[in-house]
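One structure is given below, encoded as structure tokens.
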Amino acid sequence: MVPADHGQGEPPLHVAGRAQPVDEDHGWLPIPAIGMVQIHPIEVEVARPKLGHGRLPLPPDALPGATSPARPLALPPGPSLCRTSLLCWVMRDRPRVRMAPSPTGYVHLGSARTMLYNVLFARAQGGRVVLRIDDTDLGRSEPEYEQAIFDGFHWLGLDWDEGPDVGGPHGPYRQSERLDLYREHAVRLLQSGAAYRCFCTPEELAAERAEAERRRRPYRYSRRCLVDPPRYRQEFAVRLRVPEGETTFTDLVRGEIRVENATIGDPVIVKSNGWPTYNFASPVDDALMEITHVFRGEEHLPNTPVQLMILDALGYRRPQALIHLPVIVGKDRKKLSKRHHPEVRLGLYQELGFLPEALVNYLALLGWNPGTDQEIFSFEELVRAFDVSRVQRASAMFDWDKLEWINGQYIRRLSDRELADRLRPYLADLPEETVTAAAPALKERLPYLGRASELLAYLRTPPAPPELDPEQREMVRAARERLEEVDWAPGPVESALEELRRERGWSRGRLYTPIREAVAGRVSPPLHYTLALLPRDEALARLRRAAG
RNA sequence: GGCCCCGUCGUCUAGUGGACUAGGACGCAGCCCUCUCAAGGCUGAGAUCGCGGGUUCGAAUCCCGCCGGGGCUACCA
């Protein structure tokens, strides 16, 4: 049985196996690391996808009732084999994924998520992660931002196998160091007629655009320089000559996407300064670096046809799979942006004291879900659970409350020792012993570490002495006397206070409230901590000041 | 405007024609616990599944139309 349209010359992928694990209703066999595969009573066969086409064709003799897969498949590159056995195994090339940020500012939260999905996918498949710096924007790229990218990803615990800092066989990994490569490819396109020189000035282009705007027509480059290039001009850019027809591809999240080429104007691929544009450099590098799966934000979806045209014109294989992740939006339902959303900046979370593993957990759930009720995942669990076919299509709204909740969950799971260590930078003005002693009391009260400081503000600033009635003054005085001869630690302080309370028959609320007000103000950690965290003399002085 | 994508509680989502009186989580409300604040436990409110047509004995799930939202429309990435 040979499926209808497997790629020319591409050997079909044979997946033979017992029909035992078959989902009878659909005729699909789930194969780990591949996805759902069409099953036949005894034998399973899958077409090797054409380059970049991951959808599984329905075999001519499919089981009755079989339908096309709800989601397209991620099929492995290279020869794939699955042998008859109760346990199905698959031999295939290792996937290669890439993260390609541009060093034009702080690290974007969306980049962090894209990196995360890349890493989760690669780790689960035994693939490699490539970090490439897309610094072709001379005006905005700054070397110091590159370090911010490294730091940000490292902070999250997301590492890469190849990159500008660690090297690798496909380098260099900065686009600014690959200019010769792009030049070479541009020449090829020029020679084959797939691209042409454009001498138009920015002013002329602006005029064209304005004219289109005025006539309320969609703007596309006029191809003036293709038809009738001006003479005597020296400066030029290079444009791709968009071929006729349509471009189709399969996105693993969205399925088949089809775009009429006529709706795309000839894009510039080499700027007049000789540098490539993103749309040119990116696909060339993806091909040269043998990237198999491209994860990126949905905002790149409209770029994809252009990039595929370039690949086609160059005779390169398309990446095996494209995965466009839903954009992350703010409360206003707009894409997170520097201007309107302070929460885009990855560094913010580090500064406020979110635990990187908690942020990773939250980000994983923003646009993906495991299909179970599990909300808290270790990194290893995420690697195991992550499945591209469960990535959402609709954009995801960033939810600060849920992030805080997840972060709180992680904080509470820390040991006292660990929490104290992590807290130290956020309480740098406090003695180390104080931080260590405070950790247990803080644990259940912190949405993020940066809050510790305000919870312990009374250590630095004494409260205004409270107004107490005579009975309360007596309580505070008695407490102070009792505390004078007690070991200064939460445990003994608590015992002493409880003893006093029982002796006098005072309720906790009545005794503790005036003490708390005298020592810390309205809200503070449990009273024995509140007291013991303060130096004994200071605590007693505050009690004396309130009640004599 | 054009092209593309998307549309289930406020939010993240489960759901792939009957088990859906639409499930979970965050948030919200109430109660319990309690020395304040938290944490934790319990209970609850909250979704005419964007709208309108169809197909079907039966639709959140399939089809068509509409509406709404978003992304892109740079010699930015």
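Letters A, B, ... mirror the listed sequences (proteins, then strands); counts begin at 1. Predicted model, so just to flag it, every value in this text is computed and none were measured. Below, all heavy atoms of this structure are taken into account, side chains as well, without hydrogens, waters or symmetry copies.
- Nucleotide B/rC4 holds its P atom 15 Å from the CG atom of A/L308, rounded to whole Å.
- Side-chain atoms of A/R254 and base atoms of B/rC5 include no donor and acceptor less than 3.5 Å apart.
- At a threshold of 4.0 angstrom between heavy atoms, the contacts of A/R209 are confined to the sugar-phosphate backbone, with no base atom among them.
- Distance check: A/F249 CZ to A/R318 CZ gives 8.5 Å after rounding to the nearest 0.5 Å.
- The side chain of A/R333 has B/rU11 as its nearest neighbour among B/rU11, B/rC75, B/rA39.
- Base pairing analysis places B/rU16 opposite nothing; no Watson-Crick or G-U wobble pair with both distances below 3.5 Å involves it.
- Under a cutoff of 6.0 Å and an axis angle of 45°, A/R197 and A/F236 form a cation-pi pair.
- Taking the charged nitrogens against the carboxylate oxygens, A/R220 and A/E260 have no contact shorter than 4.0 Å, which rules out a salt bridge.
- The base of B/rC75 lies outside donor-acceptor range of the side chain of A/T277, with no N or O pair under 3.5 Å.
- Residue contacts for A/E494: at a heavy-atom cut-off of 4.0 Å it reaches no nucleic acid atom on any strand shown.
- Among the atoms of the strands shown, none is found under 4.0 Å from any heavy atom of A/T372.
- Note on A/R140 versus A/D137: salt bridge recorded, some NZ/NE/NH1/NH2 to OD/OE distance being below 4.0 Å.
- Straight-line distance from the CD atom of A/E404 to the C1' atom of B/rU11: 14 Å, rounded to whole Å.
- Remark: the A/N303 side chain and the B/rA77 base include a donor-acceptor N/O pair separated by less than 3.5 Å.
- Across all strands shown, A/G408 has no heavy atoms under 4.0 Å from either base or sugar-phosphate atoms.
- When heavy atoms are screened at a 4.0 angstrom cut-off, A/S524 is found touching base atoms of the nucleic acid.
- Protein atom CD of A/Q409 is 6 Å distant from nucleotide atom P of B/rG40, rounded to whole Å.
- Residue-level contact check: A/H528 touches the bases, meaning some heavy atom is under 4.0 Å from a base atom.
- Candidate nucleotides B/rA25, B/rG2, B/rA39 were compared by shortest atom distance to the side chain of A/E444, and B/rA39 ranks first.
- B/rG46: no Watson-Crick or G-U partner with both key distances under 3.5 Å is found in any strand.
- When the P atom of B/rC72 is taken as reference, atom CD1 of A/I257 falls 15 Å away, rounded to whole Å.
- In this structure, A/R209 forms a cation-pi arrangement with A/Y219, its terminal cationic atom sitting closer than 6.0 Å to the ring centre and no more than 45° off the ring axis.
- Taking the ring centroids of A/F398 and A/Y362, they lie under the 6.0 Å cut-off.
- To the nearest angstrom, P of B/rG27 lies 11 Å from CD of A/E375.
- A/R510 comes within 4.0 angstrom of no nucleic acid atom, judged by non-hydrogen atoms across all strands.
- Between A/M397 and A/V268, the one whose closest nucleotide on RNA chain B sits nearer the 5' end is A/M397.
- The base of B/rC5 lies outside donor-acceptor range of the side chain of A/R393, with no N or O pair under 3.5 Å.
- Nucleic acid contact class of A/P305 (heavy atoms, under 4.0 Å, all strands): none.
- Nearest-nucleotide assignment on RNA chain B puts the 5′-proximal partner with A/E260, out of A/N369 and A/E260.
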